[in-house]
Amino acid sequence: KCRLARMYAAFAILRKRVFVNKRMRLKVKIRIFDTVVIANGLYGCAIWNINKEQMDKLDSWKFRHLKTIMGIKWQDYCSYAILINKIRNYNIDIDTMEATIRRRRCSYLGHVCRMPNTRYPKIMLHAEVNLGKRSVGGPEVSYRSCIKNDLESFSINVGGNFKALESMAKNRGMWQKLVRDGSEAFMDSWLQKELKASFERFLPEFLATYDYSLLGKPTEDFVEDTY
């Protein structure tokens, strides 16, 4: 809630002067949105251990405010994937909150793996707690489980052990390339899946309201091109 409030405040300050200003280019708006607003909310996200519900809230916030920047009204049908794809068609590099957080966590993980064994971040990465008693309920999401999930999502195969991970992360340039390629593949896969789901939701509504007397019965190719 605190991070969402900070992003709300940053967006509100620049709303009239930047984000709804019709004389400003879209590329400049998105760049300011990323470097000022999103940076306010995701500061330190490389060490977050958040669950899917919290991730969805962040993406939902970004979706609503990107619609404001693009001038899309609430009653206009536009899914998150369609919006991201539309912005990317302007040659603007933009990702979901999930992809951004996963990429930053993986980059920081490589940085920690390159540290000497005496540094506290590396000690904490491999540490285990053997005292105390856990409260009743399901286990909370741990940072280590988040890292494993990130590596699987980015198709970075470390063989299930940290020694292989450390050997891969020693080469800083190679590790950054692995993370960057994994992030791009993750976004491409997400866009393909979500665009297909959006099209399947949109198609029945389109066919129900289509006037067949004007242009004849539409084919799937026609509907896809129109969409």
>> For Leu151, is there any backbone N or O sitting under 3.5 Å from a side-chain donor or acceptor partner on Ser155?
In response: no

> Between Ile47 and Met115, is there a shared hydrophobic cluster once you connect ILVMFWY residues whose side-chain heavy atoms come closer than 4.5 Å?
Replying inline: yes

> Can you hop from Leu26 to Tyr80 via hydrophobic side chains spaced under 4.5 Å?
Replying inline: yes

> Could you give the distance from CG (Asp59) to OG1 (Thr96), rounded to the nearest 0.5 Å?
Replying inline: 5.0 Å

> What's the shortest heavy-atom distance between Arg144 and Ala127, and which atoms?
Replying inline: NH2-O, 3.9 Å

>> Please report whether the ring centroid of Tyr143 lies less than 6.0 Å from that of Trp48.
In response: no

>> Hydrophobic cluster membership, with links at side-chain heavy-atom distances under 4.5 Å among I/L/V/M/F/W/Y: are Val28 and Val18 in one?
In response: yes

> Side chains of Leu58 and Met7: closer than 4.5 Å at any heavy-atom pair?
Replying inline: yes

> Out of curiosity, does Val36 fall in the hydrophobic cluster containing Leu4 (side-chain heavy atoms, cut-off under 4.5 Å, transitive links)?
Replying inline: yes

>> Would you say that more than 12 heavy atoms from the other residues, nucleotides or ligands in this model lie under 6.0 Å from the NZ of Lys57, or not?
In response: no

> Taking it one step at a time, do Leu109 and Leu125 satisfy side chain to side chain contact (heavy atoms under 4.5 Å, CB included)?
Replying inline: CA-CA 9 Å; Leu109 174 63; Leu125 181 64; 4.0 Å; yes

> Looking at Met168 and Val158, what are the two nearest heavy atoms and their distance?
Replying inline: SD-CG1, 3.9 Å

> Taking NZ, NE, NH1 and NH2 as the nitrogens, is one of them in Arg88 or Asp95 under 4.0 Å from a carboxylate oxygen of the other?
Replying inline: yes

> Above 12 or not: heavy atoms from other molecules or residues under 6.0 Å from CZ of Arg64?
Replying inline: yes

>> One pair to check against side chain to side chain contact (heavy atoms under 4.5 Å, CB included): Glu98 and Asp56. What are the steps and the verdict?
In response: CA-CA 8 Å; Glu98 181 181 0; Asp56 289 342; 5.7 Å; no

> Nearest 0.5 Å, what's the CZ-SG distance between Arg104 and Cys45?
Replying inline: 4.5 Å

> Could you state the interatomic distance from CD1 (Ile30) to CD1 (Ile94), rounded to the nearest 0.5 Å?
Replying inline: 4.5 Å

> Can you tell me how far the CG atom of Leu195 sits from the CG atom of Asn85, to the nearest 0.5 Å?
Replying inline: 5.0 Å

> When you look at Leu66 and Trp61, which way does the side chain to side chain contact (heavy atoms under 4.5 Å, CB included) test go after all the steps?
Replying inline: CA-CA 9 Å; Leu66 282 177; Trp61 185 93; over 6 Å; no

>> Does atom CE (Met124) have a neighbourhood of more than 12 heavy atoms from anything else shown, all under 6.0 Å?
In response: no

> Within a strict 4.5 Å, meaning less than it, do heavy atoms of the Gln192 and Lys196 side chains meet?
Replying inline: no

>> Listing request: all side chain to side chain donor-acceptor pair (under 3.5 Å) pairs with a residue in residues 18-32, at least two apart in sequence or in separate chains.
In response: none

>> Please give me the minimum heavy-atom distance between Met97 and Ile38, naming the atom from each residue.
In response: CE-CD1, 3.6 Å

> Looking at NZ of Lys86 and CD1 of Ile82, how far apart are the two atoms once the value is rounded to the nearest 0.5 Å?
Replying inline: 7.5 Å

>> Distance check, rounded to the nearest 0.5 Å: Cys113 atom SG versus Lys163 atom NZ?
In response: 13.5 Å

> Going through the checks in order, is the side chain to side chain contact (heavy atoms under 4.5 Å, CB included) test met by Ile50 and Ile101?
Replying inline: CA-CA 10 Å; Ile50 60 177; Ile101 292 172; 4.0 Å; yes

>> Tell me every residue that passes ring pair (Phe, Tyr, Trp, His ring centres under 6.0 Å) with Phe154, counting only those two or more places apart in sequence or in another chain.
In response: Phe186

> Do you know which two heavy atoms are closest between Lys62 and Asp34, and how far apart they sit?
Replying inline: NZ-OD1, 4.3 Å

> Mind checking what makes side chain to side chain donor-acceptor pair (under 3.5 Å) contact with Ser145, not counting sequence neighbours?
Replying inline: Ser142

> Which heavy-atom pair separates Arg114 from Lys170 by the least distance, and what is that distance?
Replying inline: CD-O, 3.7 Å

> Who passes ring pair (Phe, Tyr, Trp, His ring centres under 6.0 Å) against Phe11, sequence neighbours left out?
Replying inline: Phe19, His65

> Which atom names give the shortest non-hydrogen contact between Met187 and Ala99, and what distance separates them?
Replying inline: SD-CB, 3.7 Å

> Does Arg3 reach the main-chain N or O of Tyr43 with its side chain, forming a donor-acceptor pair under 3.5 Å?
Replying inline: yes

> Within a strict 4.5 Å, meaning less than it, do heavy atoms of the Tyr108 and Pro121 side chains meet?
Replying inline: yes

> So if you build clusters from Ile, Leu, Val, Met, Phe, Trp, Tyr with side-chain heavy-atom gaps below 4.5 Å, do Phe33 and Met24 land together?
Replying inline: yes

> Only one of Asn49, Thr100, Asn149, Asp150 forms a side-chain hydrogen bond (donor to acceptor under 3.5 Å, both in side chains) with Arg105, so which one is it?
Replying inline: Asp150

> Pairs in or reaching into residues 180-191: which pass side chain to side chain donor-acceptor pair (under 3.5 Å), with residues at least two apart or in two chains?
Replying inline: Arg103-Ser183, Lys177-Asp181

> Does anything in residues 9-20 pair up under side chain to side chain donor-acceptor pair (under 3.5 Å), and if so which pairs, sequence neighbours excluded?
Replying inline: none

